[in-house]
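In what follows, chains are A, B, ... by sequence order, proteins preceding strands, each numbered from 1. None of these values were measured; they are calculated from a predicted model.
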2 protein chains.
Amino acid sequence: MTAEIISGTEIRKEILAEIKQEVEEMKEKVGKVPGLVTILVGKSPASVSYVTLKVKTALSVGFNEIQDDQPEDISEADLLALIDKYNNDENIHGILVQLPLPKHIDDKKVLNAINPDKDVDAFHPVNVGRLMIGGDEVRFLPCTPAGIQEMIVRSGTETSGAEVVVVGRSNIVGKPIAMMMAQKGVGANSTVTIVHTRTKDLAAHCKRADILIVAAGVPDLVKPEWIKPGATVIDVGVNRVGMNEATGKAILKGDVDYDRAKEIAGKITPVPGGVGPMTIAMLMKNTLTSAKKTLGLE
Amino acid sequence: MTAEIISGTEIRKEILAEIKQEVEEMKEKVGKVPGLVTILVGKSPASVSYVTLKVKTALSVGFNEIQDDQPEDISEADLLALIDKYNNDENIHGILVQLPLPKHIDDKKVLNAINPDKDVDAFHPVNVGRLMIGGDEVRFLPCTPAGIQEMIVRSGTETSGAEVVVVGRSNIVGKPIAMMMAQKGVGANSTVTIVHTRTKDLAAHCKRADILIVAAGVPDLVKPEWIKPGATVIDVGVNRVGMNEATGKAILKGDVDYDRAKEIAGKITPVPGGVGPMTIAMLMKNTLTSAKKTLGLE
């Protein structure tokens, strides 16, 4: 039996179409659309490429998108003032600051200056705290874990009472998704185990997972024989394992031995085309949520 | 083999003695002591009794303790103004608002008005977020989970790589202690599973726990045969199961069948006299930490 493939590329399309629909309805109803600002300091090619994709996606769903490019030598004070300006701009519902920032600027200070209610990346301690408190407290969920949860739900995997094993304890993925899956509510209510580098018997934990979420950043860490037959496997790893000489593009591999794992798992995400594409869709969804809350449409 | 008893009453004594010592050194060094204010609205007997104990303990370790009693009919605005006053008082390092508040006051609004850096209860979303982010971000840990971790460490239980199973997912105990034990660092680095009412096989999870933390609020939920021989068992439950007619006092029971469990466990906390007494000690420790940070003594 070959596993059902959970395609992030396809689910992203669905989500963006849903968002676009909601934006049109919002425009009709209250004459406004979600506003997102993307602040880019400097011109690092990787950052430019990420920001371009965010801008393009935001425009494609009908957002009011402001790309605010700042010079490499902007002072920390000026950057903080810029954030303050957008914090106070009622037409802006989401503020993104592209990382990394130049060395003379304190990343954390800048990110913590964003109004938590416009922090659509959801990295501000207030939003991290709200995630853990759960329930009505939550305003935004961080984009990668939110994308993982969305894939699990849309694939029709039962989460209530399911054994979820999360491999990795990063602030970006492991810890938040573990906490989200353990909460009460739809798409959650799971029994959750967090395993990591200090875990003694990684294999034994993976083997009992109904839902296995792997975010370790180690190619092929999870062996096919560790997968419970029929399990849902979410592979968050994106590891560059070489270069395709013909195309000049990196060869990407996940943390799971995909080719063999898909013969055992019930559902599985590929790499690339799995969790990766979801993140930007959830960023747009958070911006829509922010606009809806601000405009009293929820 | 009978388990070693981890006595919260004894460990509390040790911690309070350590705090007292540090306060004396602080007074000598910088001529200041930690300042704690306890705000009590109304005169509910239970609240008065809790506040009295906090005040007495704070005074016993040499803190500058202000008991600020307010009438039952204080307005929310006046209470918020009072908190603001203490937020701006440089001699106050910890602010406690005794709950519950009267119905005309929004609990959450009041608690969230406390400066997170003086929130020694650590319930503010910023402090919850810092707990999850971990590392240097953490300023205060919530008192009951902090007490549990302290007991595990002081009992000499190895946590690194240990299988920790947390029964219960409350915001006060289950979720924070699970996250704390999974973090990097001393007294943590454990493989952590959170189980709860939706978990399918509670017994199987408990049976593999090297450290079993039970915070379900269900008397005798954990059966002795679920305990791994030699495990460390932390029982957070405090259940009133009857009344002693002679003394008129409530009979308290934990979530673990203590009398039989202590024949199997390696170390175990009793109820009462286990986790309960630790909470107030950690509250004092948080206040000391706050003062030290504010005074630049760390």
Which donor-acceptor pairs lie under 3.5 Å between chain A and chain B?
from, atom 1, to, atom 2, distance (Å)
A:Lys108, NZ, B:Glu137, OE2, 2.7
A:Met132, O, B:Lys175, NZ, 2.8
A:Ile133, O, B:Asn171, ND2, 3.2
A:Ile133, O, B:Lys175, NZ, 3.1
A:Glu137, OE2, B:Lys108, NZ, 2.8
A:Ser160, OG, B:Arg198, NH1, 2.9
A:Glu163, OE1, B:His205, NE2, 3.0
A:Glu163, OE2, B:His205, NE2, 2.8
A:Arg169, NH1, B:Ala182, O, 2.9
A:Arg169, NH1, B:Gln183, O, 3.2
A:Arg169, NH1, B:Asn189, OD1, 2.9
A:Arg169, NH2, B:Asn189, OD1, 2.8
A:Asn171, ND2, B:Ile133, O, 3.2
A:Lys175, NZ, B:Met132, O, 2.8
A:Lys175, NZ, B:Ile133, O, 3.1
A:Lys175, NZ, B:Gln183, OE1, 2.7
A:Ala182, O, B:Arg169, NH1, 2.9
A:Gln183, O, B:Arg169, NH1, 3.2
A:Gln183, OE1, B:Lys175, NZ, 2.7
A:Asn189, OD1, B:Arg169, NH1, 2.9
A:Asn189, OD1, B:Arg169, NH2, 2.9
A:Ser190, O, B:His196, NE2, 2.7
A:Thr191, OG1, B:Thr199, OG1, 2.7
A:Val192, N, B:Ile194, O, 3.4
A:Val192, O, B:Ile194, N, 2.8
A:Thr193, OG1, B:Thr193, OG1, 2.6
A:Ile194, N, B:Val192, O, 2.8
A:Ile194, O, B:Val192, N, 3.4
A:His196, NE2, B:Ser190, O, 2.7
A:Arg198, NH1, B:Ser160, OG, 2.9
A:Thr199, OG1, B:Thr191, OG1, 2.7
A:His205, NE2, B:Glu163, OE1, 3.0
A:His205, NE2, B:Glu163, OE2, 2.8

request  = Give, as side chain, backbone, both or neither, the part of B:Pro176 having an atom under 4.5 angstrom from any heavy atom of chain A.
outcome  = both
query = Who wins among B:Val166, B:Val192, B:Val126, B:Val165 for the most heavy-atom pairs under 4.5 Å with chain A?
reply = B:Val192
